[in-house]
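So you know, we letter chains A, B, ... as the sequences are listed, proteins then strands, and number each from 1.
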Amino acid sequence: MQAQYQPSVVEQDAQAWWDSRGSFVAREPDAGDTRPKYYCLSMFPYPSGKLHMGHVRNYTIGDVLTRQHRMRGYNVMQPMGWDAFGLPAENAAIQNRVPPARWTYDNIAYMKGQLRSLGFAIDWTRELATCQPEYYRWNQWLFLRMLERGIAYKRTQVVNWDPVDQTVLANEQVIDGRGWRTGAPVEKREIPGYYLAITRYAEELLGELDHLPGWPERVRTMQANWIGRSEGVRFAFPYEIDGEPGQLWVYTTRADTIMGVTFCAVAAEHPLAARASRDDPALAAFVEECRRGSVMEADLATMEKKGMPTGLSVRHPLTGESVPVWVGNYVLMGYGDGAVMGVPAHDERDFAFALRYGLPIRQVIAVEGESFSDSRWQDWYADKARGRCVHSGRYDGLAYAQAVAAVAGDLRSRGLGDTRVQWRLRDWGVSRQRYWGCPIPIVHCESCGDVPVPDEQLPVVLPEDCVPDGSGNPLARREDFLRCACPRCGAQARRETDTMDTFVDSSWYYARFACPGNDQAMVDARANYWMPVDQYIGGIEHAILHLLYSRFWSKVMRDVGLLACDEPFANLLTQGMVLNHIFSRRTARGGIEYFAPDEVDLQTDGAGRIQGAQLRADGSAVDYEGIGTMSKSKRNGVDPQSLIETYGADTARFYMMFASPPEQTLEWSDASVEGAFRFLRRVWAFGHAVRTEVLPRLPAGAIANAAPAAGLPAPLADVRREVHLVLRQANHDFGKFQFNTVASAAMKMLNALERAPREGELAVQAAPVVVEGLSLLLRLLSPITPHLAHVLWRELGYGEDILDSAWPEPDPAALEQDEIELVLQVNGKHRGSVRVPSGASREDIERLALASEPAQRQLAGQPPRRVVVVPGRLVNVVA
RNA sequence: GCCGGGAUGGCGGAACUGGUAGACGCAGCGGACUCAAAAUCCGCCGGUGGCGACAUCGUGGGGGUUCGAUUCCCCCUCCCGGCACCA
């Protein structure tokens, strides 16, 4: 054993050991094995080139949990794979003229090497990449099952079109009116494509959120908001246009205000708007303006309410009154029926609209003590809780719930409407006009139409040698891919060239990890051993998209009979982002130039706060922008590779765990990394000292159970108590996933152990205390710094493999003490402490406290008003 | 606007179900070792007053409950994240 800590040697040793023994290969246990299973999964990476710090943090958290559960007696599984389809590969292909497949597989090879060098306890026998036909054939297979069940269907619809990526985006992929990847303003286009009826599962997706106590509150509320359930009434305004009868359907949550309707408004895309603009050029122009302008939803929110009359009118379903129909730019085609009833008196938007266009405002709700004015909006106009119907005929006096029920009943009896649950969630459009994705298994035949590819012809294999050039989908030019026989009539036909949204790939990989090598089925019985995932770990940015799609997809798999569980992820941990300082400066042309933190020298004020910085190269000043997410564009990323090369994987892992709790953001600090390395070096040096100085004092073979005898001298009993106290706290923190305090517990343990005498009279009696303490410390550290722990464990002779040792628990006997120190308070203020025998009665404690000097001083001979004793903690004398 | 989460030294962060606020680390200061430097080790390290024992203030701001509040309740300010003409 080297006296000096050499991480590269230590880490190679440990990794070679694990590799040669297949330490992390997980299996379904034989009968009689009672170990509980623990499936720990970190979100798999997109193979973009190399790992970033976010990956290191994510996978270290998962690895710590995996290794700790293994030592606690769980049958653990931690797999890894690659989310390998996607646009960056195509963009790289355009740039480098290399097929996306090669770029992707090269990246996978490199990143896999990085993951290995970090020493993660990954079962690589389960590795998968979503771009492999063996994987994506099951995307296609389940898609066909969805088609059979009507869950997948084709329709033409107005979609979000990303003009840069030349593809359709799901609603979830549009952020503030821009493409989530390109940031380009999204356009609206009408395109045929396949949709998955996630809305059929809306009720369950929402309801089950209440049964996911292991998920962060905020993720559950984000999903609930996204699903957006609302209860209301859907009803129709009948009309006749050119003698043709029709119905204008609307949805409202305020059916109690139906008698206050003075107009209706439809979206620009609504059929009535199209109809009316046929012979009204001004209206047609307005409709066109809305269509083009109304794509940026962020602008929508602040946009002025604009509208135009269609000249058409409909009949009120209850009064028969004529109601004018307007086109309104604030009405969304995608929600409900794309039309609303207008009740200016009781809806703020309708009120603004009516004021602007001089439409009548009719009060039909009143609140006692408030007076209505049709010139100014007041918040109570829309108050469901206090409002009562007025000027509403037979509904007068009714409160919200009764009024809605009565109105719905009347509409129902006329066949013009009923109550209805409305969802914000929309069906998931999965067609993408891209090459590097899973082909949609459909064949277009001139006589048979769209024909599903039969199961036995799966997979529809994506040609891997295409080099996209940026214009459209290269599959459309691949005759060998396009040409096929119609599965139904055998005639010459063409394949669908759209591929699936890559969120499909990541919607079920967790289940496939349980069933490696199965080429007969999507998943098998092994999935029901491992599923659900016990602990899922990933970034908060996936709170809606990936997690919602995965929940939906797994429910479909359940309904097809493939999975037994209702939810795929029992517990979810959303790790915080990794941040770093940002330095920039304005360029002469008005742009912004960024500088990497290692290119600048900091200037601090007297208190140590950062004031500014200078470029090291030429001493010129640069601005300090503060802390932000590590990103390529701001040049403030830190490459994990250089970190590993300089300090080793264990330091990287320890720092990641120590710097902040997993769910919080982590601020990068080179100095703290250095500190983490210093600690590991101290552990190593201590281990070396124990081996050379302490072990020789123990009888041969005593190391394995070096539990110190009772009756230790006080200084040694104190050391041992400290170690076990810290361990108890660390175990508690582990349960809360508070790994930063587990790491500091390890530091405290070492601090305590270093205080034990290694020379002099006490050294012999100290030996078992030190040897036991180090054994606890190594096991506590082993999930975080597995290489260091592994090598020291073996070198010192604790055992063959620390992986097979038991998770350490504190010894209650070590925690006992004869005398304890209680906090002494006088009038609630801290005034020193009192030492009492550990078994002291309440009366004894009170007497001792009253006799203390601070209490005597305060009481000045008077009896205390009260004495509060908290056993084992404090005593408070109230004068 | 609505929903969720925050605010603690120079910094990252601790504080179990209300019980010594600032653990552990980083930075800083002082010292030991060294020809010197690095590394390492030891000590100090929230503000104010005091040589000192100690006193006093202090967990974003203001109130409250309590023997005792970073922790519980009410009001307010600011920050972060999500949603948002959703009818």
Side-chain angles (χ1 to χ4, degrees), chain A residues 175-176 216-226 228-230 232 250-254 257 265 294 297-305 328-332 334-343 347-350 352-353 422-424 540-541 543-544 604-610 655 658-661 663-676 678-679 681-682 685 726 728-729 732-733 736 738 740-748 750-751 754 821-833 864-870 872-879:
Chain A
I175 296 155
D176 291 338
E217 177 75 31
R218 61 172 175 158
V219 175
R220 286 186 283 153
T221 46
M222 279 162 75
Q223 291 216 350
N225 287 342
W226 191 263
R229 183 181 199 274
S230 92
V250 301
Y251 172 75
T252 181
T253 55
R254 295 304 305 269
T257 65
S294 68
E297 301 208 0
D299 293 347
L300 270 180
T302 52
M303 210 153 70
E304 236 182 319
K305 313 263 168 299
N329 67 346
Y330 67 99
V331 183
L332 304 175
Y335 188 77
D337 294 276
V340 297
M341 67 177 194
V343 183
D347 179 282
E348 199 170 352
R349 290 159 309 188
D350 295 346
F353 194 79
Q422 182 70 40
W423 304 88
R424 207 194 80 108
I540 185 69
E541 66 272 21
I544 297 174
T604 52
D605 65 6
R609 271 178 284 247
I610 298 174
Y655 169 71
F658 178 66
S660 71
E663 307 228 63
Q664 276 181 38
T665 55
L666 185 154
E667 291 180 25
W668 190 261
S669 158
D670 287 328
S672 293
V673 173
E674 189 76 42
R678 264 200 300 265
F679 168 67
R681 208 160 46 187
R682 267 175 67 207
V726 168
R728 186 173 68 176
Q729 184 64 42
H732 180 259
D733 293 347
K736 291 194 301 179
Q738 200 171 286
N740 56 326
T741 51
V742 174
S744 52
M747 291 173 159
K748 287 180 195 175
L750 182 63
N751 290 347
E754 283 182 335
E821 203 169 80
L822 294 184
V823 170
L824 174 66
Q825 291 187 346
V826 177
N827 287 338
K829 286 190 177 167
H830 182 213
R831 286 290 180 275
S833 58
R865 285 227 313 256
R866 185 175 173 185
V867 180
V868 180
V869 177
V870 181
R873 281 215 172 268
L874 64 69
V875 50
N876 185 12
V877 177
V878 185

Please enumerate all residues that pass ring pair (Phe, Tyr, Trp, His ring centres under 6.0 Å) together with A/W423, with sequence neighbours excluded.
none
At under 4.0 Å between heavy atoms, what does A/Q664 touch on the DNA or RNA strands: base, sugar-phosphate, or nothing?
sugar-phosphate
My understanding is that only residues two or more places apart in sequence, or in another chain, count here; which of them pass salt bridge (charged side-chain N to carboxylate O under 4.0 Å, His left out) with A/R254?
A/D256
Under-3.5 Å N/O pairs linking protein and nucleotides 52-56 of chain B:
unit_1: B/rA55; atom_1: OP1; unit_2: A/R831; atom_2: NE; d: 3.4
unit_1: B/rU56; atom_1: OP2; unit_2: A/R831; atom_2: NH2; d: 3.2

Touch class at under 4.0 angstrom, heavy-atom based, for A/N740 against every strand present
sugar-phosphate
Partners passing side-chain hydrogen bond (donor to acceptor under 3.5 Å, both in side chains) against A/S660 (at least two apart in sequence or in another chain):
A/R57
So, using salt bridge (charged side-chain N to carboxylate O under 4.0 Å, His left out) as the criterion, who are the partners of A/D733 when residues are at least two apart?
none
For nucleotides 40-49 of chain B, give me every protein contact, N/O to N/O, under 3.5 Å, one pair per line with atom names.
unit_1: B/rU40; atom_1: OP1; unit_2: A/R681; atom_2: NH2; d: 2.8

Only counting residues at least two apart or in another chain, list the ones meeting side-chain hydrogen bond (donor to acceptor under 3.5 Å, both in side chains) with A/E821.
A/R835
Does A/G675 reach a base, just sugar-phosphate, or nothing at all? Heavy atoms under 4.0 Å.
sugar-phosphate
Heavy atoms only, 4.0 Å cut-off, all strands: where does A/T665 land among base, sugar-phosphate and nothing?
sugar-phosphate
For A/R220, give me all partners under salt bridge (charged side-chain N to carboxylate O under 4.0 Å, His left out), at least two apart in sequence or on another chain.
A/E217
How would you label the contact of A/E674 with the nucleic acid (heavy atoms, under 4.0 Å): base, sugar-phosphate, or nothing?
nothing
Taking the P atom in each of B/rA21 and B/rC26, what is the distance between them to the nearest angstrom?
25 Å
Only counting residues at least two apart or in another chain, list the ones meeting side chain to side chain contact (heavy atoms under 4.5 Å, CB included) with A/V726.
A/E722, A/A745, A/K748, A/M749
Salt bridge (charged side-chain N to carboxylate O under 4.0 Å, His left out) filter on A/E754, not counting sequence neighbours, yields A/R682
Can you identify which nucleotide, out of B/rG4, B/rA87, B/rA14, has its nearest atom closest to the A/P661 side chain?
B/rA14
What stems show up for RNA chain B when you take Watson-Crick pairs (N1-N3 plus N6-O4 or O6-N4) and G-U wobbles (N1-O2, O6-N3), both under 3.5 Å, and require three or more consecutive pairs?
B:1-7 with B:77-83, B:10-12 with B:24-26, B:28-32 with B:40-44, B:46-49 with B:54-57, B:60-64 with B:72-76
Indicate, with a heavy-atom threshold strictly under 4.0 Å, whether A/Q825 touches base, sugar-phosphate, or nothing.
base
A/N740: partners by side-chain hydrogen bond (donor to acceptor under 3.5 Å, both in side chains), with sequence neighbours left out
none
Students often get this wrong, so: under 4.0 angstrom with heavy atoms, is A/V340 touching a base, only sugar-phosphate, or nothing?
base
